[in-house]
There are 2 protein chains.
Amino acid sequence: MIDLERKRELYRLQAELCQTLADPTRLELLELLGEGPRPVKELVRATGQRQAKISQHLAVMRQRGIVVAERVGTEMHYSLADPRILDACHITRQMLIDRLRRQHALAEVVRGE
Amino acid sequence: MIDLERKRELYRLQAELCQTLADPTRLELLELLGEGPRPVKELVRATGQRQAKISQHLAVMRQRGIVVAERVGTEMHYSLADPRILDACHITRQMLIDRLRRQHALAEVVRGE
DNA sequence: TCCGTATATTCGAATCTACGAATGCTATCA
DNA sequence: TGATAGCATTCGTAGATTCGAATATACGGA
């Protein structure tokens, strides 16, 4: 690779992005936002978490450019900055589901012996 | 969703997987392993990092089932447990590259004024 | 069996992260 | 101009993470 520094910098940014995805609440929020823009109130309701917590997580994702916010009257509407983030999430999720299935199948075999 | 608990547990596991990806060295290792199984020595050489550091990161990924290790004579050969992990990485990376490009284009416009 | 190469583990310090609690800000409406 | 609803921010703390340094383990060859 010609520019090693640039490559390393990209890995650093990518790690930062992954770090932002590394929280169950944030993953749930992203899924919710996948269905379209949503006010904070609705996200709080759907997740059942405290308002401050949701707001903190939204702030993290906003700072990292994963979601964008827009004021609509008295509400703040959040949406995905780039829907491709969901593609990545769905791949990792499918990997997990497949792994769980394999483990389950293995457990069946062991149980049957 | 019928089983909210199961959904939450999946988000937890998914967050754990993302957490494992949230390190530049580990991302670099995954890319290297994408080209095929590699001995630790080679990974140390390619990254230019200390051996202990590489071994620690490999241990983390091994424990989380992202890579698998096999002894070959005196060496340990590591490989990807599921190549789909690279698909997810490439999506996030492409998102970053596109974002950087947009920022660059915007900088050009500003500079030209 | 002793040695060297290859790899793994342990430990401690520095740094980061998520959460609850409390508080602040802003727009609408009476 | 309060008052209220909706949301953001700050702060303190418990727990997690990363790294280097040191040390341990495993295997093949002499």
Side-chain angles (χ1 to χ4, degrees), chain A residues 8-9 11-30 32-33 36-81, chain B residues 8-9 11-30 32-33 36-81:
Chain A
R8 288 275 154 79
E9 173 67 5
Y11 280 132
R12 210 184 55 71
L13 289 172
Q14 198 180 346
E16 200 174 288
L17 177 52
C18 290
Q19 174 64 38
T20 310
L21 300 180
D23 183 279
T25 301
R26 290 201 285 264
L27 289 171
E28 188 173 0
L29 290 174
L30 290 177
L32 290 168
L33 294 179
R38 292 283 184 277
V40 177
K41 188 175 62 165
E42 166 62 16
L43 298 173
V44 170
R45 197 198 57 71
T47 59
Q49 310 270 7
R50 292 169 193 276
Q51 177 266 322
K53 182 172 169 179
I54 295 303
S55 219
Q56 284 168 354
H57 283 302
L58 288 171
V60 169
M61 294 196 284
R62 197 168 8 96
Q63 284 159 16
R64 311 247 172 122
I66 306 222
V67 301
V68 293
E70 183 194 10
R71 181 170 282 284
V72 176
T74 175
E75 298 177 335
M76 287 296 282
H77 286 205
Y78 279 81
S79 49
L80 297 179
Chain B
R8 288 275 154 78
E9 173 68 6
Y11 281 133
R12 212 184 54 74
L13 289 172
Q14 198 180 346
E16 199 175 289
L17 177 52
C18 291
Q19 174 63 37
T20 309
L21 299 180
D23 182 280
T25 301
R26 291 201 284 265
L27 290 171
E28 188 172 1
L29 289 173
L30 289 177
L32 289 168
L33 293 179
R38 292 283 185 278
V40 177
K41 188 174 62 165
E42 167 62 15
L43 298 173
V44 170
R45 196 197 57 70
T47 59
Q49 310 271 7
R50 294 171 192 274
Q51 176 266 323
K53 183 171 168 180
I54 295 303
S55 217
Q56 285 168 352
H57 283 300
L58 288 172
V60 169
M61 294 196 284
R62 198 170 5 97
Q63 284 159 15
R64 311 247 172 122
I66 305 218
V67 301
V68 293
E70 184 194 8
R71 181 169 283 285
V72 176
T74 175
E75 296 176 336
M76 288 296 282
H77 285 205
Y78 280 81
S79 49
L80 297 179

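Labels below follow one simple rule: chain letters A, B, ... track the order of the sequence lines, proteins then strands, and each chain is numbered from 1.
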K.L.:
Rounded to whole Å, please give me the gap between CD in Glu28(B) and C1' in dT18(D).
P.N.:
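Atom-to-atom, Glu28(B) to dT18(D), this comes out as 16 Å.
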K.L.:
Closest heavy-atom contact between Leu27(A) and Ala15(B)?
P.N.:
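Distance-wise, the nearest heavy atoms are CD1-N, 3.5 Å.
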K.L.:
Side chains of Pro24(B) and Glu28(B): closer than 4.5 Å at any heavy-atom pair?
P.N.:
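In short, these two side chains do not touch, never coming nearer than 4.5 Å.
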K.L.:
Starting at CG of Asp23(B) and ending at C1' of dA16(D), how long is that distance when rounded to a whole Å?
P.N.:
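That distance rounds to 14 Å.
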K.L.:
Specify the angle, to 10°, made by the local axes at the two ends of the helix from dT1(C)-dA30(D) to dA30(C)-dT1(D) when five pairs are taken at each end.
P.N.:
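Comparing the axis at each end, I get an angle of 10°.
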K.L.:
Can you give the first and last nucleotides of DNA chain C, 5' to 3', that have an atom under 4.0 Å from a heavy atom of chain B?
P.N.:
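Going 5' to 3' along DNA chain C, contacts run dA6(C) to dT10(C).
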K.L.:
If only atom types and distance count, is the side chain of Arg26(A) paired as donor or acceptor with the main-chain N or O of Thr20(A) below 3.5 Å?
P.N.:
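Checking the backbone N and O of Thr20(A) against the side chain of Arg26(A), a donor-acceptor pair under 3.5 Å is found.
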K.L.:
Are Leu80(B) and Ile66(B) packed together at the side-chain level, in the sense that at least one heavy-atom pair is separated by less than 4.5 angstrom?
P.N.:
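Result no, sub-4.5 Å side-chain heavy-atom pair not found.
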K.L.:
Specify the closest pair of heavy atoms between Leu58(A) and Val67(A), including all atoms of both residues, with the distance to one decimal.
P.N.:
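Nearest pair, atom of Leu58(A) first, then Val67(A): O-CG2, 4.0 Å.
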K.L.:
Would you list the pairs meeting salt bridge (charged side-chain N to carboxylate O under 4.0 Å, His left out) in which at least one residue belongs to residues 59-75 of chain A, sequence neighbours left out?
P.N.:
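For residues 59-75 of chain A: Lys41(A)-Glu75(A).
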K.L.:
Round to a whole Å and report the spacing from CD of Gln19(B) to P of dT17(D).
P.N.:
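Roughly 5 Å, once rounded to whole Å.
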K.L.:
To the nearest 0.5 angstrom, please state how far the CD atom of Gln56(B) sits from the CG atom of Asp23(B).
P.N.:
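These two atoms lie 10.5 Å from each other.
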K.L.:
Could you tell me the separation between the CD1 atom of Ile54(B) and the C1' atom of dA21(D), rounded to a whole number of Å?
P.N.:
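The distance from CD1 of Ile54(B) to C1' of dA21(D) comes to 16 Å, rounded to the nearest Å.
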K.L.:
What closest approach, in Å, do Ala69(B) and Met76(B) show between heavy atoms, and which atom pair accounts for it?
P.N.:
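Nearest pair, atom of Ala69(B) first, then Met76(B): CB-CE, 3.7 Å.
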K.L.:
Return no unless some side-chain N or O of Tyr78(A) is found under 4.0 Å from OP1 or OP2 of dA8(D).
P.N.:
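Checking Tyr78(A) against dA8(D): at least one side-chain N or O falls below 4.0 Å of OP1 or OP2.
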K.L.:
Minimum heavy-atom separation for Gly65(A) to Ala81(A), with atom names?
P.N.:
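Here Gly65(A) and Ala81(A) meet closest at O-CB, 3.3 Å.
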K.L.:
Between Arg38(A) and His77(A), is there a side-chain heavy-atom distance shorter than 4.5 Å?
P.N.:
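Answer no - side chains too far apart.
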K.L.:
Can Lys53(A) and His57(A) be said to form a side-chain contact (heavy atoms from CB on, under 4.5 Å), step by step?
P.N.:
CA-CA 6 Å; Lys53(A) 182 172 169 179; His57(A) 283 302; 3.8 Å; yes
K.L.:
Output the residues of residues 56-70 of chain A in contact with DNA chain C, where contact means a heavy atom of the residue under 4.0 Å from an atom of the strand; sort by number or write none.
P.N.:
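Gln56(A), His57(A), in order of number.
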K.L.:
Minimum heavy-atom separation for Tyr78(B) to Leu33(B), with atom names?
P.N.:
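Closest approach of Tyr78(B) to Leu33(B), heavy atoms only: O-CD2, 3.3 Å.
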K.L.:
Test your reading of the model: is there a side-chain donor-acceptor pair from Thr47(B) to the backbone of Leu43(B), 3.5 Å cut-off?
P.N.:
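Looks like yes, one N/O pair under 3.5 Å.
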K.L.:
Can you give me the closest heavy-atom contact between Leu30(A) and Met61(A), atom names plus distance?
P.N.:
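Of all heavy-atom pairs spanning Leu30(A) and Met61(A), the closest is CD2-SD, 3.8 Å.
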K.L.:
Please list each protein N or O that sits under 3.5 Å from an N or O in nucleotides 22-30 of chain D, with the distance.
P.N.:
none

K.L.:
Heavy atom of residues 37-46 of chain A under 4.0 Å from DNA chain C: which residues?
P.N.:
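Correct list: empty, so none.
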K.L.:
Could you tell me the separation between the SG atom of Cys18(B) and the CG atom of Leu13(B), rounded to the nearest 0.5 Å?
P.N.:
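Answer rounded to 0.5 Å: 11.0 Å.
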